[in-house]
Amino acid sequence: MAAHRKSAHRKPKQRPFTGPAARTAATLALAGAATATSATGAGAAPAEPAPTAAQVRAKVDRLYHDAEVATEKYNGAKEKEAAATKAVDTLADEAARRTDRLNTARHALGSMATAQYRTGALDSAVQLALSSDPDSYLERAAHLDRAGDRQASLLSNIRRQLSGIARVKARADQETEALAARRAELNKHRTAIRTKLADARTLLATLTAAERAAYERSADAAHGGSPATSADGSTTGPDRAVAGAHADRSAPRASVAAPDSRAARAVSFAHGAIGKPYVWGATGPGAFDCSGLTQAAWKAAGVSLPRTTYTQINAGQRVSRSELAPGDLVFFYSGISHVGLYIGGGQMIHAPRPGAPVRIAPISQMPFAGATRVA
């Protein structure tokens, strides 16, 4: 009886959870632990503070500047790509001319061979020259010694033509490879420009309407900007007309006389471009980038300038800031990434940046890097 009572008070044996029950228990335990950790704040990464409006504006300015640096590299790559394309086309024309001359010589030789065949005396050297395998002919050119004087002359001419065509083809292959490299470089800079401009627009979109207006006012004071830009960086829609009108109103003619008639024509052209939009890679007449404007202005004066800022600075005689005269090219930033046309009185006409039309501005608004008087 006592044994029965002892057995009745014994606790039932607990069985461990298995199967779905075990998984449910583990999930609840982990959830509880996660909740406890969250409640205590342990291990939680602090959220990064949003950039201030001033930081956004500063980064947008850097992006615009970087885009202009990439634009000048793009302009240089485009020049090289154009030169490589011209070289390939020139070599293709030369190969065609040489092939025509070769065909003429082979036709003359063929006429001679026909005459020899009719008499049953077709020379073996002639057979080789008319072969469809010119390499075989070149390797066995010793057979020329067996031909008569006229045949030897024709055969030697054919050999020279074949060798010349082979050389032209080798050069054409090299230029084609160079062209492919130039085009790859061009695409790299084009992508960099578009990426930086897109990033700038994205950043500007994070500003409030009031902050954006304040930025545009400050940019307008410094560069002549307008609120809206298209994918290529040009001013769009009604904002283009507003920006152009604003630029025209702020563009009084300089009172300082140009040192000569050519400089005067360049300055006059630049005045005529005021209000036209900035578009990277553009050289006019409807839009310009900075070096495109100065190149077009001096072209109107009968002077051919290189395409990029870093080549234009070497296109004439260097002058100091105190010696500036209307028509001089003024350059900015340590990398020589921006250029304007000096018009006197500490002012220049330039294409400032995407979204800002061609306008007059003080040369003191950017880090001065040097000046050149066009020769």
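One is the number of the first residue; the rest follow in order along the sequence. This one's a predicted model, so the numbers in the text were calculated from it and none came from an experiment.
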Hey, does N103 have a side-chain heavy atom less than 4.5 Å from the side chain of Q161?
no
Residues passing the side chain to side chain contact (heavy atoms under 4.5 Å, CB included) test with V374, sequence neighbours excluded, are W298, V303, L305, L329
Between the NZ atom in K188 and the NZ atom in K73, the distance rounded to the nearest 0.5 Å is 7.0 Å
Any side-chain heavy atom of S304 within less than 4.5 Å of one from K299?
no
CD-OG1 distance between E211 and T206, expressed to the nearest 0.5 angstrom:
8.0 Å
Any Q317 side-chain heavy atom under 4.5 Å of T372 side chain
no
Return the orientation label for the W280 and Y74 ring planes: parallel under 30°, perpendicular over 60°, tilted otherwise.
perpendicular
Atom pair SG/CG of C290 and L341 - distance to nearest 0.5 Å:
12.0 Å
Is there a path of hydrophobic side-chain contacts, each under 4.5 Å between heavy atoms of I, L, V, M, F, W or Y residues, that connects L197 with V56?
yes
Any heavy-atom pair between the side chains of R318 and I313 that's under 4.5 Å?
yes
Indicate yes or no: at least one non-hydrogen side-chain atom of Q295 is less than 4.5 angstrom from one of Q312.
yes
Would you say the side-chain atoms of Y215 pair up with the backbone N or O of V60, donor to acceptor, closer than 3.5 Å?
no
Would you give the length of the straight line joining atom CG of D289 to atom CZ of R353, rounded to the nearest 0.5 angstrom?
15.0 Å
Side chains of K196 and I193: closer than 4.5 Å at any heavy-atom pair?
no
Sub-4.5 Å side-chain heavy-atom contact between I165 and L102:
yes
Are Q365 and H350 close enough, and set up right, to give a side chain to side chain contact (heavy atoms under 4.5 Å, CB included), and what steps lead you there?
CA-CA 12 Å; Q365 71 179 19; H350 71 144; 3.4 Å; yes
Is there a path of hydrophobic side-chain contacts, each under 4.5 Å between heavy atoms of I, L, V, M, F, W or Y residues, that connects V330 with Y333?
yes
Going only through I, L, V, M, F, W and Y residues with side-chain contacts under 4.5 Å, is there a path from L203 to L207?
yes
Measure up the F332 and F368 rings against each other and bin them: parallel (under 30°), tilted (30 to 60°), perpendicular (over 60°).
perpendicular
salt_bridge(E94, R98) N-O dist < 4.0 Å:
yes
Under the rule for ring pair (Phe, Tyr, Trp, His ring centres under 6.0 Å), what residues qualify as partners of F331, not counting sequence neighbours?
none
Output for pair (D328 CG, I343 CD1), nearest 0.5 Å, gives 12.5 Å
Quick check on the hydrophobic clustering: are I336 and F288 connected, directly or via other members, by side-chain heavy-atom contacts under 4.5 Å?
yes
Just by modelled atom types, is the G281 backbone N or O under 3.5 Å from a matching donor or acceptor in the K78 side chain?
no
Working note: H65 + S337, criterion side-chain hydrogen bond (donor to acceptor under 3.5 Å, both in side chains); need CA distance, chi angles, decisive distance, verdict.
CA-CA 8 Å; H65 175 256; S337 59; 3.2 Å; yes
So OG1 of T283 and CG of L293: to nearest 0.5 Å the spacing works out to 10.5 Å
Min side-chain heavy-atom separation S334-P367 under 4.5 Å:
no
Run the side chain to side chain contact (heavy atoms under 4.5 Å, CB included) test on N75 and E72 for me, step by step, so that the C-alpha distance in whole Å, both residues' side-chain angles and the decisive distance to 0.1 Å come before the verdict.
CA-CA 5 Å; N75 291 337; E72 290 306 308; 3.5 Å; yes
Is R307 salt-bridged to E79, going by a charged N under 4.0 Å from an acidic O?
no
Can you run down the ring-ring contact (aromatic ring centres under 6.0 Å, His included) pairs that involve residues 176-198, sequence neighbours left out, and say none if there aren't any?
none
Lys/Arg-Asp/Glu bridge criterion (N-O < 4.0 Å) met for D173, K169
yes
